[in-house]
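So that the names make sense, note that chain A is the first sequence line, chain B the second, and so on, each numbered from 1. As a basis for the values below, the full set of heavy atoms in this structure was taken, side chains included, without hydrogen atoms, waters or symmetry mates.
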Amino acid sequence: MSDDTVHGLDVTAIRKDFPILDQLQDGKRLVFLDSAASSQRPNQVIAAMDDLYHHSYANVHRGVYQMAERATNAYESARRRVARFIQAPSESEVVFTKNGTEAINLVSNSWGRANLKPGDAIVLTMLEHHANIVPWQMLAAELDLEVRWIPVTDDGRLDLTELDRRMDGAKLLAFTAMSNVTGALSPGDQLVAAARSAGAVTVVDACQWVPHLPIDVSALGADFVAFTGHKMLGPTGIGVLWGREALLDAMPPFLGGGGMILNVTTEGFVTDGLPGKFEAGTPPIAEAVGLGAAVDYLETLGMEAVRRHEVELTAYALRKLTEDLGDVITIHGPAEPATRGGVLSIELEGVHAHDVSQVLDTDAICIRPGHHCAKPLMRHLGVAATARASFYVYNDTSDVDALAAALIKARDFFAI
Amino acid sequence: MSGLEDLYREIILDHYRSPRNRGQLDTPPAHRTEGFNPLCGDEVVLYVEVESDSDGVERVTDIKVDGQGCSISQSSASMMSAAVKGKTIEEANALSSTFKSMMSIHEHDIGGDGSEAGPANESPTAELPLGDLEALRGVVKFPVRIKCATLSWNTLAQVFDELASS
């Protein structure tokens, strides 16, 4: 194994596919550590979208002319590739949405309204992003549902000690596969099993998982899995809801309009089959094609290799930052790299996260300060804001070294 | 981009490390109002006591600042509290306008009167010295931080609004 592939990925070669990373800011190499918010995308994704717009663009599922057929084929080919990527039993179970948030809102609005009634209990976790909280709170307010919460441990993992009691009689469990704040990976098997025995439907927010770890939705056994394109090297404006065919089939449509019907009369309408039933209006065609290309790119790297790379980089970062900054740094989340993703929520003693981010920007280092759309979790952790550094396939130890040096600079600048 | 020293002037760091008027007041007589920056989670809680003198002029007799946030939002709150304590509401509002106009070179939607937007280096109301608050002038070079600097002033305006309508 050469030095270049010591982490399982050839980062030097990968970086050549991401021209946006090859730029200087005030003469300094750009260090992009904000992929948990939104990743960058490789030439291959941009080229696939350009190619569609240059040569094969038309609306999908409508025209008879050849170019319309090519556009439809490109769109449906992307769906097939996404289905294969997540090991979905059927591509008709893959619904394209605007983003992960819309995918969850689809479930809460469609499945939720059709299957929940006043007094029913639903279970959320304290690790959730607002995207997997607020849609359920809106539904709970509308239907007068009881909302229960699975707590978290001090190191930012789900506390499942009373899982069965919390699930007792509940109709739904919504949980994140990986926290966007602490990086903690959720024990999906255990959660799904507990939900199953309680007779509850499971909704998994996999926005942070799918870009970084292999997923097999069939093996996971959940009922719905939501994720987004822009965190996995794809474009913005495209998300995915995977759902079990039997559940999706029985659900009413979410949005109404063209593309989701078999027939419309003055008396009413007949909905299309899956997945068209949930794709009202002209879909994000080029974005789906871009996501298909992103999936191809990740499959070429291999998701096992991606995961291995990120575990090694996270282990290096935890060691390096702790060694260099000692007592003045707190990194939230599990200590063991194998149980977490490449997301480091950092608190620097005496320096607010915004100020950390400002100082890091002077060294061309991009991180994310703030509450990361997870305010209940932040409140539990007792912090208002953290400085979050997150890794992806184009990051390596030199990025971590730059981060460590800049954190020392921030600390020195603000030191009393 | 501008250097860190343009943003983090020594006097800002001093107010951040040793905030003035930090704490809480009993409510009543004080009025309590929270201000949030929903984007970043910064929070300023103001406790303001306003009394009318014999001529009916309302004056800020005491003010305390609670909450948490970055050096810019917290130092701005500290400076604001020191600047308006003892001032009449009218004087405090005038100071607020002067400060916001200094902050408005790049942003026209940060609150306050858009009509007062002017070049940052020419204070339109020179008769109102900003004192320590002048140190925040450099913030306009960092547009995303302007909301940090104006958070406490917007919260103060909310205090006065709430008092006027109660």
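Around the CD atom of B/Gln158, the shell of radius 6.0 Å holds more than 12 heavy atoms that belong to other residues, nucleotides or ligands. At most 12 non-hydrogen atoms from other residues, nucleotides or ligands lie less than 6.0 angstrom from CG of B/Asp26. Within a 6.0 Å sphere centred on CZ of A/Arg157, other residues, nucleotides and ligands contribute 12 heavy atoms or fewer. No more than 12 heavy atoms of other residues, nucleotides or ligands lie within 6.0 Å of CG in A/Asp327, so this atom counts as exposed by the packing criterion. More than 12 heavy-atom neighbours from other residues, nucleotides or ligands sit within 6.0 angstrom of CG on B/Leu163.
The NZ atom of A/Lys409 sits 6.0 Å away from the CG atom of B/Leu4 when rounded to the nearest 0.5 Å. Note that CG of B/Leu13 and CZ of A/Phe414 are 6.0 Å apart. Values are rounded to the nearest 0.5 Å. With rounding to the nearest 0.5 angstrom, the CG atom of B/Leu7 is 7.5 Å from the CG atom of A/Asp355.
Contact of B/Asn37 with chain A is not made at all, since no heavy-atom distance falls under 4.5 Å. Heavy atoms closer than 4.5 Å to chain A are found in both the backbone and the side chain of B/Tyr8.
Contact annotation for residues 346-354 of chain A against chain B (heavy-atom separation below 4.5 Å, listed by residue number): A/Gly350, A/Val351, A/His352, A/His354.
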